[in-house]
Amino acid sequence: MSTVLILINSSGGLYDFRNELLVGLLDKHRVVVSVPDDTKVRELEEEGCEIVTTPINRRGVNPGEDGKLFLSYYRLLKKIKPDLVITYTIKPNIYGGFACRLLRIPYIATITGLGGAFERKGLFLKMIVAMYRAGLRKAECIFFQNKENMGIFAGYHIKGKKARLVNGSGVNLRRHTFEEYPREGKTVFLFMGRVMKDKGIMEFLEAAVRLHREDVEFAILGYCDEDYQELLNEYEEKGIISQWGFHTEVHPFLAKASAMVVPSYHEGMSNALTEAGATGRPVIASDISGCREAFEEGVTGFGFMPASADELIGALEKFLALSKEEQARMGKAARAKMEREFDRDMIIGAYLEEIDTVLKA
């Protein structure tokens, strides 16, 4: 039995978006998971995964902390002696990948998004490029979730032994079943995810202020990743927004929405869009890589230029001008697109194919 080690920065993200891969691996392999939190640890352990806690400052750039993370990964690899390592997200990709290189352990990486790192200039950009090159150079395969990210890496000569493009993490069509479109009551625009600047929260709030009326509700489902809680509370007290809190099971809330709104500045592939589409909900999304792949303009939703409240409001007004029947048809088309292009079983099949190739080598 081979040992597969997974390095990731969130147990919740692993369980919610990649659990089907774990289930597939557990049939044949010992699976060890390194995570910094305990959000979904109980569920992962019940399935048969072994859990190791490795603290990660997901957003910090402290060299001392990152050095400790690299050493933690290096020691973990020496202790477990995995036959294959699978890494997700920036720091596990870079520091886990570099540790694998040093110890000559095969590894597969996934680029789940670049954030704003490659929009920076000067020394910071050079440092990021050098770190990615060092971390990914010997990767057996690098999975990308959109063509733009893949092209950026190629442009900076960041590469492993092989690259492969998949439609994000896909969506579990059995978990996110189609729900009949809500034809009565308010039009509910739902923002789902981490509340932070780069997710477009300020544009969403401005749209909520300017489109505030009795028959429209702006709802937020998620937690504050940056210091916005006071502002959210103020807007809720004024009746401008509704806070639906943070929930690990989001499907019932998707069913209550009229449309998903994703005003992000950057995405690898938006899980909010794919889950909403699978539920049968139209989407209003930034016209960027990682979003535009998940909707069809005027068919399953509307796009707009990011970082512009005016653009977002224009897209929302186009949606509000539709009849309930037209909105419902958009939702059905969104579900059909997810079935054609984003079924998670297809994504998992691609990963298992690469994993089998490496372990049989």
Side-chain angles (χ1 to χ4, degrees), residues 8-20 22 33 35-47 58-59 88-89 112-113 168-182 185-196 198-201 204-205 208 217-233 235-237 239-264 267-285 294 331 334-335 338 342 344:
I8 196 166
N9 70 0
S10 165
S11 64
L14 179 63
Y15 186 81
D16 291 339
F17 307 126
R18 301 170 181 94
N19 190 57
E20 294 82 357
L22 299 180
V33 177
V35 291
D37 62 274
D38 60 1
T39 304
K40 291 286 186 175
V41 162
R42 179 178 57 82
E43 290 87 343
L44 293 170
E45 286 180 329
E46 287 175 352
E47 289 181 335
R58 288 176 19 163
R59 305 187 62 206
Y88 293 93
T89 67
T112 55
S169 303
V171 61
N172 186 323
L173 296 172
R174 295 175 295 277
R175 181 178 179 189
H176 293 286
T177 55
F178 177 81
E179 303 287 349
E180 287 299 323
Y181 194 77
K186 296 181 178 182
T187 297
V188 179
F189 291 121
L190 177 60
F191 175 106
M192 183 175 80
R194 292 176 290 154
V195 177
M196 53 189 293
D198 281 7
K199 292 294 185 182
I201 186 59
F204 183 80
L205 292 177
E217 179 179 354
F218 284 79
I220 295 175
L221 179 68
Y223 63 92
C224 281
D225 206 20
E226 294 175 351
D227 191 18
Y228 286 103
Q229 192 58 59
E230 217 173 284
L231 182 62
L232 296 186
N233 291 343
Y235 276 41
E236 186 170 46
E237 286 174 11
I240 296 170
I241 64 166
S242 301
Q243 294 186 76
W244 289 0
F246 172 74
H247 300 271
T248 55
E249 181 51 61
V250 300
H251 187 73
F253 299 94
L254 295 174
K256 292 166 58 178
S258 305
M260 176 67 69
V261 182
V262 178
S264 294
E267 287 287 347
M269 183 63 71
S270 172
N271 291 306
L273 291 184
T274 58
E275 291 178 350
T279 307
R281 297 299 175 262
V283 300
I284 315 294
R335 172 70 187 194
M338 294 304 107
F342 287 86
R344 185 168 291 167

> When you look at R175 and E249, which way does the salt bridge (Lys or Arg N to Asp or Glu O under 4.0 Å) test go after all the steps?
Replying inline: CA-CA 10 Å; R175 181 178 179 189; E249 181 51 61; 3.4 Å; yes
Which heavy atom of [X] sits nearest to which heavy atom of [Y], and what is that distance?
X	Y	result
E267	S264	OE2-OG, 2.7 Å
V283	A276	CG1-CB, 4.2 Å
E217	S242	OE2-OG, 2.8 Å
K199	F191	O-CE1, 3.4 Å

Atom [atom1] of [X] and atom [atom2] of [Y]: how far apart are they, to the nearest 0.5 Å?
X	Y	atom1	atom2	value
F17	R344	CZ	CZ	7.0 Å
Y15	E43	OH	CD	5.5 Å
H176	R281	NE2	CZ	13.0 Å
M338	L173	CE	CG	9.0 Å

> How are the rings of F218 and F204 set to each other: parallel, tilted or perpendicular (split at 30° and 60°)?
Replying inline: perpendicular
> Between F253 and W244, what is the ring plane arrangement, given parallel below 30°, perpendicular above 60°, and tilted in between?
Replying inline: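 Correct class here is tilted.
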> Going through the checks in order, is the side-chain contact (heavy atoms from CB on, under 4.5 Å) test met by E236 and I220?
Replying inline: CA-CA 10 Å; E236 186 170 46; I220 295 175; over 6 Å; no
> Are N233 and Q229 close enough that a side-chain donor and a side-chain acceptor fall under 3.5 Å?
Replying inline: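 Looking only at side-chain atoms, Q229 and N233 do form a donor-acceptor pair, the distance falling under 3.5 Å.
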> With no hydrogens and no angle check, do the side chains of N19 and E47 hold a donor and an acceptor under 3.5 Å apart?
Replying inline: yes
> So among I201, L205, V195, which one has a side-chain contact (heavy atoms from CB on, under 4.5 Å) with L231?
Replying inline: L205
>> Looking at R174, I want to see if its CZ is surrounded by more than 12 non-hydrogen atoms of other residues, nucleotides or ligands under 6.0 Å.
In response: no
> Would you say the side-chain atoms of S11 pair up with the backbone N or O of T39, donor to acceptor, closer than 3.5 Å?
Replying inline: yes
